Amino acid sequence: MEVCTFDDFPSLMNAIKCASSVSQAVVGGIASILVATHLGPLIVPSLLLMTTFKLWSVYTNVKDPGNRLPLPPGTMGFPLVGETLEFLRKGSEFFRERTKSYGCIYKTHILGQRTIRVSGAANVAKILKGEGELVASQWPPSAKFILGSGALAHSKGEKHAWRRMMIAKAFTPDAVATYIPAIQETIRDYIGQWCRSGHIHGYPEARSLTFTVAARMLLGFNVHDKQKHQMLILFEDMLATLFSMPVPIPGIGLYKGLKARRRIMQEIGQCIQKRQKPSEAPGDDALSKILHAIAEDGHDALSTVEMQDSALEMLFAGHLPTSSAACSVLGLIASNPTVYDKASMELFRQGLLDPNLNEELTPSDIKNLPYIDAIIKEVLRVAPPVGAGYRKALKTFDLDGHQVPKGWTIIYSIRETQHTSSSYSEAEKFNPDRWIEDTQLAHKSAASKVDDSEYDFVPFGSGQRSCVAHRYVETFLKIFIIELVRNSNWKLENGLPQVAYMPVPHPVDNLPLSFRKVEMEQRRRAFTLPAKP
Ligand code: HEM
């Protein structure tokens, strides 16, 4: 009989081969007796089923014999599908239930991968700091198909480091400052329309707004309304299968997502071609800045596939998580009127409340707004738009008293980490003041980390794979809050909504809101503003 070692299990097929050598003889023998006694039609399928479950159990519980620690607790579900169906049905509730039952580290089998889900500042710090040594970024196969292998998130090693450096040049403080006027203009247009209409659905409007800003500022695309509408519908199909079983069955699931991806890529290809016409001067958008940085660097240019995948990645990342954050801003401020009042007061003190006095915001206008910064941090803590990040274990290592075997998928949880940390009293409550009143929190930044305890606030990840565009996102959200508060007042029409988490957190009822314009005079009458200090 073959001896099963850890190295014999690089894939499911190897595992099945190895474990079957254990049970083959026994099952074969019993089966032939039963077939001979006419019980075969009933018993043989049952035996095959039992064997399949046995093989699955062997495969999903293979430990590295070189490590004495146990695998994390957890269940691995049914052969091949694992717990994927339950995960797709329950979304984030799936993880919440397991965190409650097993704590900060547990195993499961989803989206075709043996997976360990990890939360808690110290565990997350170990994963994020271990990039390249313990772990490597690896999104689920479905996300890789949908976003394309040319995306930055899927590139590796030196190529990743170089591309990241080039992309980062479009998101330095100086570069982001150049985007302010166009971001502000687009936000103002949208808020103006919302006030004129008097009633909107916050989530689709936030999607449309962030898509328009991303297409214009990140890619320099001038998409007209009809094209935007079509692309948003295609994105819907694509995103619905971002996290799905990696089996393209015609007509459903990933197949549908890949079809939508092909159509979006055609549109992106056309937009890129138009932009590359020699008659057109290079734009002031992020993609132009990146292509310029690459040309200056003298390095190989991006291939057409890499350029298109990068554009898709920027359009995807640029509008989807940002729209979730913008929608959370609308919902959370509407349900906390004191937050609106305090933000108004801060704007008044800075001379920014009257929109007519500050037609164009400048970088220095938006720099010193600690309360609005606190709102943004609290929105990203309570409703993190990206709930988790994906890694693959490069070698077996210890984590919180358990082994993480080589080759397994690791999901580090942003949501549970930020919701369960003891740093946040009444963690479920939306309370921007905590970021001002608590001196420990006041120093915590969404992006940079000084020590491990700060990894309980990681809305943009951290380290080599952190979000390249966090400054852009923070600037967008700041301008959005400023323009909302100084121009308008809005109310929830249905009360606090239930939230769905796939592919990003969003209200299930699309967040119906009533909107109205607020004039400076009305505001003066509504609450007595103190004289400007
Ligand atoms: C609210 C908005 C956003 C949030 C919360 C967010 C969050 C994140 C997080 C958590 C990661 C790290 C994932 C990991 O550890 O594997 C990440 C990576 C990334 N983000 Fe964002 N993001 C946002 C907006 C954007 C925008 C606007 C862009 C536009 C370019 C962008 C581009 C990227 C890219 C390219 C990566 C991959 C970086 C790499 O692998 O080196 N994100 N983002």
Side-chain angles (χ1 to χ4, degrees), residues 118 124-125 127-132 135-140 143-144 147-148 150-171 175-176 179 183 206-207 209-211 213-219 285-287 289-290 306 309-329 376-377 379-392 409-415 417-418 446-447 449 455 457-478 480 503-506:
V118 170
V124 169
I127 301 298
L128 291 180
K129 291 201 279 192
E131 180 73 26
V135 299
S137 172
Q138 179 163 293
W139 287 79
K144 200 165 171 180
L147 290 180
L152 179 70
H154 302 144
S155 63
K156 302 225 179 323
E158 278 180 19
K159 179 110 185 168
H160 169 258
W162 172 74
R163 282 187 62 191
R164 193 178 156 90
M165 200 166 73
M166 296 297 113
I167 292 179
K169 296 200 179 186
F171 297 106
V176 170
Y179 307 142
I183 294 179
R207 287 283 300 275
L209 164 65
T210 53
F211 187 87
V213 174
R216 181 170 167 188
M217 288 331 306
L218 299 181
L219 301 174
D285 53 275
L287 188 60
K289 288 186 169 65
I290 295 164
E306 283 173 333
D309 279 350
S310 286
L312 176 67
E313 183 180 39
M314 283 212 268
L315 206 50
F316 158 79
H319 96 275
L320 191 70
T322 319
S323 69
S324 170
C327 186
S328 299
V329 163
I376 294 170
K377 282 183 178 172
V379 166
L380 295 175
R381 184 192 73 80
V382 172
V386 176
Y390 291 77
R391 298 290 185 272
K392 181 182 180 151
T409 293
I410 301 155
I411 305 181
Y412 76 87
S413 166
I414 296 174
R415 189 174 304 117
T417 299
Q418 296 184 168
K449 305 284 158 228
Y455 284 75
F457 184 49
V458 279
F460 296 114
S462 178
Q464 293 174 36
R465 291 282 175 174
S466 64
C467 184
V468 272
H470 67 90
R471 277 192 206 94
Y472 163 86
V473 174
E474 286 162 340
T475 303
F476 171 88
L477 291 175
K478 217 179 230 189
F480 185 53
V504 287
H506 62 277

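We count ligands from 1, going down the list as the structure has it; atoms in each ligand are counted the same way. This one's a predicted model, so the numbers in the text were calculated from it and none came from an experiment.
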How does Ser466 reach ligand 1, by side chain, by backbone, by both or by neither, if only non-hydrogen atoms under 4.0 Å count? backbone

Is Arg391 in contact with ligand 1, taking contact as a heavy-atom separation below 4.0 Å? yes

Starting from atom 5 (C) of ligand 1, which protein heavy atom do you reach first, and at what distance in Å? Pro459 O, 3.6 Å

Using a 4.0 Å cut-off to any heavy atom of His160, which atoms of ligand 1 qualify? 39 (C), 40 (O), 41 (O)

Any idea which atoms of ligand 1 are less than 4.0 Å away from a heavy-atom of Gln464? 41 (O)

Shortest protein contact, atom 29 (C) of ligand 1 (heavy atom only): Ala469 CB, 3.7 Å

What I'd like to find out is whether the side chain of Lys129 reaches to under 4.5 Å of the side chain of Lys449, using heavy atoms alone. no

Of the choices Ile127, Ile376, Leu287, Val473, which has the non-hydrogen atom that lies closest to atom 24 (C) of ligand 1? Val473

Proximal atoms of ligand 1 relative to Phe171 (non-hydrogen, under 4.0 Å): 30 (C)

Can you name the atoms of ligand 1, numbered from 1 with element, that are less than 4.0 Å from a heavy atom of Gly461? 10 (C)

Can you sort out which atoms of ligand 1 are near Met314, meaning under 4.0 Å from one of its heavy atoms? 30 (C)

Is the ring pair Phe211/His319 parallel, tilted or perpendicular, if the boundaries are 30 and 60 degrees? perpendicular

Just which atoms of ligand 1 are under 4.0 Å from any heavy atom in Val468? 32 (C), 33 (C), 34 (C), 35 (C)

Test of proximity, Arg465 against ligand 1: N or O pairs below 3.5 Å: yes

Go through the steps to decide whether Ser466 and Arg164 satisfy the test side chain to side chain contact (heavy atoms under 4.5 Å, CB included), and finish with yes or no. CA-CA 10 Å; Ser466 64; Arg164 193 178 156 90; 3.0 Å; yes

Counting non-hydrogen protein atoms only, what is the nearest one to atom 38 (C) of ligand 1? Give residue, atom name and distance. Arg164 NH1, 3.5 Å

Of all the atoms in ligand 1, which lie at a distance below 4.0 Å from a heavy atom belonging to Ala153? 40 (O)

Any donor-acceptor N/O pair, Gln418 side chain to Val458 backbone, under 3.5 Å: yes

Kindly determine whether Val213 and Tyr472 satisfy side chain to side chain contact (heavy atoms under 4.5 Å, CB included), including the steps that lead there. CA-CA 11 Å; Val213 174; Tyr472 163 86; 3.3 Å; yes

Test of proximity, Thr322 against ligand 1: N or O pairs below 3.5 Å: no

Stepwise, does the side chain to side chain contact (heavy atoms under 4.5 Å, CB included) test hold for Lys169 with Ile290? CA-CA 7 Å; Lys169 296 200 179 186; Ile290 295 164; over 6 Å; no

Closest candidate by heavy atom, reference atom 22 (N) of ligand 1, pool Ser328, Ala170, Cys467: Cys467

Run the numbers for me: atoms of ligand 1, each under 4.0 Å from some heavy atom of Ile414, listed by number. 10 (C)

